[in-house]
Amino acid sequence: MQVITAIDKMRSYVEEAKSRGKKIGLVPTMGCFHQGHLSLIEKAGTSTDTTIVSIFVNPAQFGPDEDYLAYPRDVEQDRLKAARAGVDVIFAPGLSEMYPESYLTYVNVEMITGVLCGKARPGHFKGVATVCAKLFNIIKPDIAFFGQKDAQQTIVVKRMVKDLNMDVEIEVLPIVREKDGLAMSSRNKYLNTVQRKDALVLYQALTKAKDMIKSGERNAGMIIGCTKQIMDKAGLKIDYISIVNARQLNSLEVISGEVLIALAVWVGRARLIDNIIVNTEVNTMGHEL
Ligand code: AMP
């Protein structure tokens, strides 16, 4: 496994691999690997010939009062885990390599970035879209792999790729959870023992919402009210809980079709996100479509 930090070296590596007919898979990450990252890496390994994992804590997607400096970093462990998982290259550019002093250009996907996490974190998705566009331009992957954990991110990136005619396929993989249901996240490292228990409420609330829909409840306000009660009982500070159309992200009053139930909650200093997709439409066999 190679670790490449320079953009021109990364480009020549890819050019050479492509000249040998290799299909390139990219897994963009901010590092501090857990099983969620590794599931993307494993899929890249089986779907493509060359797996490149980028590690870059992207300042452009953090607000001024957010945890850019505190964000967990563990380069040595990442290197070991990546090598064990069969990664061909870690691309770990430095800050000035990605954003030299003269830097001026950003990618802005409109509308769908103004809701959910985009509402709470203005500018976040501009940073995400920009860094993904840069990585796609540098690495020219055939497939880029993303996790459903960051549901809005997958929709924003897919939209950017479509609108800007980028030649990359976006593959989205399911959320990997701890045995007790907590979605894996690098930010779970911020939690102490009590907070780790409190954090279980996120998945419990989502499961409750899903069960309500499955039992026929279609009033989004009612469901949100119930999930809020669960959070309040646990004393957690809610950033948002929303039920939106799973593709356009527009807010729904009456639930129909494929819906995304997404939430962001503060547990101590960790802002945790989680989501679940529920399809209200059933086929003649009674299964979700
Ligand atoms: P991050 O390093 O947090 O920016 O995440 C890098 C990629 O891993 C993103 O596409 C995330 O959606 C994905 N990811 C993070 N956590 C999980 C998880 N628990 N399950 C699946 N994918 C995840």
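Order of appearance sets the numbers: ligands from 1, and atoms from 1 within every ligand.
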Pairs under 3.5 Å, N/O atoms on ligand 1 and on the protein: can you put them in a table with the distances?
{"from": "ligand 1", "atom 1": "2 (O)", "to": "Met30", "atom 2": "N", "distance (Å)": "2.9"}
{"from": "ligand 1", "atom 1": "2 (O)", "to": "His37", "atom 2": "NE2", "distance (Å)": "2.8"}
{"from": "ligand 1", "atom 1": "5 (O)", "to": "His37", "atom 2": "NE2", "distance (Å)": "3.4"}
{"from": "ligand 1", "atom 1": "10 (O)", "to": "Gly147", "atom 2": "N", "distance (Å)": "2.9"}
{"from": "ligand 1", "atom 1": "12 (O)", "to": "Gly147", "atom 2": "N", "distance (Å)": "3.3"}
{"from": "ligand 1", "atom 1": "12 (O)", "to": "Gly147", "atom 2": "O", "distance (Å)": "3.1"}
{"from": "ligand 1", "atom 1": "12 (O)", "to": "Asp150", "atom 2": "OD1", "distance (Å)": "2.6"}
{"from": "ligand 1", "atom 1": "16 (N)", "to": "Met184", "atom 2": "O", "distance (Å)": "3.4"}
{"from": "ligand 1", "atom 1": "19 (N)", "to": "Val176", "atom 2": "O", "distance (Å)": "2.9"}
{"from": "ligand 1", "atom 1": "19 (N)", "to": "Met184", "atom 2": "N", "distance (Å)": "3.4"}
{"from": "ligand 1", "atom 1": "19 (N)", "to": "Met184", "atom 2": "O", "distance (Å)": "2.8"}
{"from": "ligand 1", "atom 1": "20 (N)", "to": "Val176", "atom 2": "N", "distance (Å)": "2.8"}

Go through the steps for Asp78 and Arg73 under the test salt bridge (charged side-chain N to carboxylate O under 4.0 Å, His left out), then give the verdict. CA-CA 9 Å; Asp78 286 351; Arg73 292 157 170 92; over 6 Å; no
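Under a 3.5 Å cut-off, the side chain of Lys23 and the backbone N or O of Pro141 do not form any donor-acceptor pair.
Stacking of Lys134 on the aromatic ring of Tyr99 is recorded, both the 6.0 Å distance cut-off and the 45° axial limit being met. Taking the centre and axis of the six-membered ring of Tyr106, the NZ or CZ atom of Lys126 falls inside the cone set by 45° and 6.0 Å.
The side-chain heavy atoms of Leu236 and Val201, taken from C-beta on, include a pair separated by under 4.5 Å.
The salt bridge (charged side-chain N to carboxylate O under 4.0 Å, His left out) contacts involving residues 222-239 comprise Asp239-Arg271, where partners must be two or more places apart or lie in separate chains.
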